[in-house]
Structure formats: C-alpha cells, structure tokens
Amino acid sequence: MDNLPNVSVFETPEELALAAAERFVQYASESTERVDRFSVALAGGHTPERVYELLATEPFRSRIRWSHVHLFFGDERCVPPNDPESNYGMTYEALISKVPIPPTNVQRIIGEGNAGQNAQDYENHLRSFFDGLPWPRFDLVLLGMGEDGHTASLFPNSAALRETSHWVVPSRNEQSGQDRITVTVPAFNHARHVMFLVTGEKKAQRLKEVLRSSTGSEQLPVQAITPIDGNLEWLVDSEAASLL
Ligand code: 6PG
C-alpha cells in the first residue's frame with residue numbers, strides 16, 4: 001500500500017488467511033534450513049483460527065517439518081485449556097490435534113491457577129529454550145489487534161505494557177475484568193518476523209490511527225511492537241483497510 005510498504009491488503013479474510021499460512025510455511029522452511037528448528041509465538045483471539053485450520057490441511061501441512069516446529073503462545077486468558085476462552089484450546093482444536101507435532105514441542109501458557117507463578121514458569125521455559133539469550137529470538141510472532149489497539153494481552157495504560165525486564169507477566173483486560181498472561185514488548189521486539197493479522201470494519205478506525213498517527217504505545221500498545229533486528233508486516237483485509 002502507498003507509503004505503507006509493510007501493509008498487505010487482501011479482499012477477504014480467507015485470502016488473508018491463505019497468505020498468512022503461505023508465509024508460515026516459507027518462514028518455517030527458511031528457519032529449519034538455517035538452524036534446524038522454527039520457533040513461533042502464536043496469537044490468540046478469533047482472527048488467527050482460520051490460519052491454524054489451513055496449516056493443518058494441504059497444500060500447507062505436508063510442506064512443514066512439524067518435528068522441527070516449536071509452538072509457544074504470545075498470551076493466554078487465565079482459564080483452563082478446555083474453556084471456550086482458552087487460546088491454547090482454540091489452537092489445539094484448529095491445529096495441534098491435527099498435525100504430527102511432538103507434544104514436547106508445544107508449550108502452552110498455564111491459564112489455570114496462580115497467574116504470577118504461571119507467568120514466571122513460562123518465562124523459565126522460554127529462557128531455557130532460548131538458552132543464554134538476553135531476550136527470546138522467536139523466528140515468527142503472530143499478533144492480532146483489539147479494537148482498542150491492544151495486542152496479545154498488552155492493554156493501553158497497563159503495567160504489563162511498560163515491562164522492561166521480564167519476558168512474561170500477568171496482565172488484565174480491564175474492560176472484561178479477565179486476568180491474562182502475556183509475553184512482553186521487549187520479548188516480542190527481538191523476533192525475526194512479526195506478522196499482524198487484522199480483519200473487519202470494526203478495526204478500521206483504530207488501524208488508521210495505528211498506521212497513520214504517532215499517538216504512542218501507552219494509548220495504542222500495537223505501536224510498541226517495532227522489531228529491533230527483524231521485520232514487521234501487516235496482513236489486513238479490505239474492510240479493516242477501508243480508512244487507510
Ligand atoms: C487474545 C489475543 C488478543 C487478540 C485481539 C484481537 O488473547 O485475545 O491475543 O490480543 O489478538 O484481541 O482479537 P480477535 O482476533 O478476536 O479480533
């Protein structure tokens with residue numbers, strides 16, 4: 001898109017999902033060729049679900065070396081995995097239960113129990129996987145955007161958004177009152193590839209603000225996601241792009 005070089009607009013959410021699945025396959029093969037593994041931080045919410053479903057079907061499923069793929073989550077709602085609100089639950093149904101990925105390659109954020117302890121445990125998992133690195137170096141981070149400009153569970157004017165040392169922290173959706181656990185901004189910003197998936201007319205105004213204004217991350221947490229040594233791309237549908 002004119003003067004938004006890293007924004008790709010797709011006519012429909014289905015075309016967007018197909019393009020996102022194709023990029024996943026591309027990054028997976030690049031990474032497994034380079035370092036024999038592919039680490040991904042998955043997004044929650046509704047928008048990525050179709051991408052996960054597509055990855056579990058041909059022509060995508062057989063082009064991915066699933067035994068080399070390591071799935072992590074960018075955030076989770078503080079609910080058990082069988083709860084309809086669970087990001088892990090959604091991803092398990094759409095993808096994980098349908099592909100030959102070793103269970104040890106899937107690291108879910110424990111949503112049930114003590115959020116503080118679960119956040120620390122997840123950070124410990126990431127620190128041992130990214131052994132010795134000052135921050136995690138995900139090969140791919142998938143993110144969505146809420147109508148308020150939040151991403152993962154990094155909400156406007158929140159302590160989680162301002163975190164500068166932890167990789168994973170508890171968070172809270174003040175609008176719904178739901179407790180969450182989220183990977184932090186610095187941890188996302190050390191990724192190789194960050195891909196935002198945004199669909200729907202309801203997000204058009206906010207997306208315009210995010211891409212065309214310098215409001216700032218306190219109000220628009222999405223604006224805090226600026227990879228330090230990696231690329232950032234936006235896959236949006238025509239409805240979400242209608243005001244750009
Ligand atoms: C979550 C997500 C969240 C999501 C946005 C968009 O756990 O809810 O991580 O950040 O990406 O809220 O959600 P939709 O895709 O459902 O619109």
Are side-chain heavy atoms of [X] and [Y] found at a separation under 4.5 Å?
| X | Y | value |
| --- | --- | --- |
| Glu76 | Ile110 | no |
| Arg172 | Ser158 | no |
| Phe38 | Leu140 | yes |
| Phe73 | Ile181 | no |
| Val141 | Met195 | no |
| Leu243 | Leu207 | no |
| Gln223 | Val210 | yes |
| Phe10 | Leu235 | yes |

Report the relative orientation of the aromatic rings in [X] and [Y]; use parallel for angles under 30°, tilted for 30 to 60°, perpendicular for over 60°.
| X | Y | answer |
| --- | --- | --- |
| Phe72 | Tyr122 | perpendicular |
| Phe129 | His70 | tilted |
| His150 | Phe155 | tilted |

Distance (rounded to the nearest 0.5 Å) between [X] [atom1] and [Y] [atom2]:
| X | Y | atom1 | atom2 | value |
| --- | --- | --- | --- | --- |
| Thr12 | Leu18 | OG1 | CG | 7.5 Å |
| Glu112 | Cys78 | CD | SG | 9.5 Å |
| Ser39 | Leu126 | OG | CG | 9.5 Å |
| Thr47 | Glu49 | OG1 | CD | 10.0 Å |
| Ser176 | Arg77 | OG | CZ | 8.5 Å |
| Asp148 | Gln175 | CG | CD | 5.0 Å |

Practice task
Establish, for the pair Arg63 and Tyr27, whether the NZ or CZ atom is under 6.0 angstrom from the six-membered ring centre and no further than 45 degrees off its axis.
Solution key: no
[X] with [Y]: basic N within carboxylate O range, under 4.0 Å:
| X | Y | result |
| --- | --- | --- |
| Glu233 | Arg23 | yes |
| Glu30 | Arg34 | no |
| Glu85 | Arg180 | no |
| Asp229 | Arg137 | yes |
| Lys203 | Asp237 | no |

Heavy-atom pair of closest approach, residues [X] and [Y]:
| X | Y | answer |
| --- | --- | --- |
| Thr215 | Glu209 | OG1-OE2, 3.3 Å |
| Gly111 | Arg108 | N-NH1, 3.9 Å |
| Trp234 | Val198 | CZ3-CG2, 3.8 Å |
| Arg206 | Glu147 | NE-O, 2.7 Å |
| Pro186 | Trp135 | CB-CH2, 3.5 Å |
| Gly149 | Pro221 | O-CD, 3.2 Å |

Linking I/L/V/M/F/W/Y whenever any side-chain heavy atoms sit under 4.5 Å apart, do [X] and [Y] land together?
| X | Y | answer |
| --- | --- | --- |
| Val35 | Trp66 | no |
| Val169 | Val222 | no |
| Leu133 | Val185 | yes |

Given 3.5 Å as the limit, does a donor-acceptor pair link the side chain of [X] with the main chain of [Y], or not?
| X | Y | value |
| --- | --- | --- |
| Thr57 | Leu54 | yes |
| Asn105 | Ile101 | no |
| Glu123 | His125 | no |
| Thr184 | Val168 | no |

Problem - Sequence-distant partners of Arg50, salt bridge (charged side-chain N to carboxylate O under 4.0 Å, His left out), two or more places apart - result: Glu14, Glu53
Problem - The single option from Ile109, Thr151, Leu161, Leu154 passing side chain to side chain contact (heavy atoms under 4.5 Å, CB included) against Thr182 - result: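 When side chain to side chain contact (heavy atoms under 4.5 Å, CB included) is applied between Thr182 and each of Ile109, Thr151, Leu161, Leu154, only Leu154 qualifies.
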Handout entry: Name of the residue among Asn6, Leu244, Val236 meeting side chain to side chain contact (heavy atoms under 4.5 Å, CB included) with Leu211
Key =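 Answer after filtering Asn6, Leu244, Val236: Leu244.
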Handout entry: His193 vs Asp139, side chain to side chain contact (heavy atoms under 4.5 Å, CB included): CA-CA, chis, key distance, verdict
Key = CA-CA 6 Å; His193 299 281; Asp139 296 302; 5.7 Å; no
Problem - Side-chain H-bond candidate by donor/acceptor type, Ser153 with Asp75, under 3.5 Å - result: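 Side-chain D/A pair, Ser153 to Asp75: present.
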Problem - Derivation of the side chain to side chain contact (heavy atoms under 4.5 Å, CB included) call for Thr226 and Leu232 - result: CA-CA 7 Å; Thr226 53; Leu232 170 67; 5.6 Å; no
Can you list, pair by pair, the side-chain donor-acceptor contacts under 3.5 Å of residues 90-98, counting residues two or more places apart and other chains?
residue, atom, partner, partner atom, Å
Thr91, OG1, Asn87, O, 2.7
Ser97, OG, Tyr92, O, 2.7
Ser97, OG, Glu93, O, 3.4
Lys98, NZ, Glu93, O, 2.4

Handout entry: Test log, rule ring-ring contact (aromatic ring centres under 6.0 Å, His included), inputs Phe138 and Phe188
Key = CA-CA 8 Å; Phe138 292 109; Phe188 283 134; 7.2 Å; no
Practice task
Take Arg65 and Asp36 through the side chain to side chain contact (heavy atoms under 4.5 Å, CB included) test and state the conclusion after the steps.
Solution key: CA-CA 10 Å; Arg65 297 166 66 196; Asp36 217 26; 3.7 Å; yes
Practice task
Evaluate the side chain to side chain contact (heavy atoms under 4.5 Å, CB included) criterion for residues Leu55 and Val51: first the C-alpha distance (whole Å), next the side-chain angles of each, then the deciding distance (0.1 Å), finally the verdict.
Solution key: CA-CA 6 Å; Leu55 290 171; Val51 181; 4.3 Å; yes
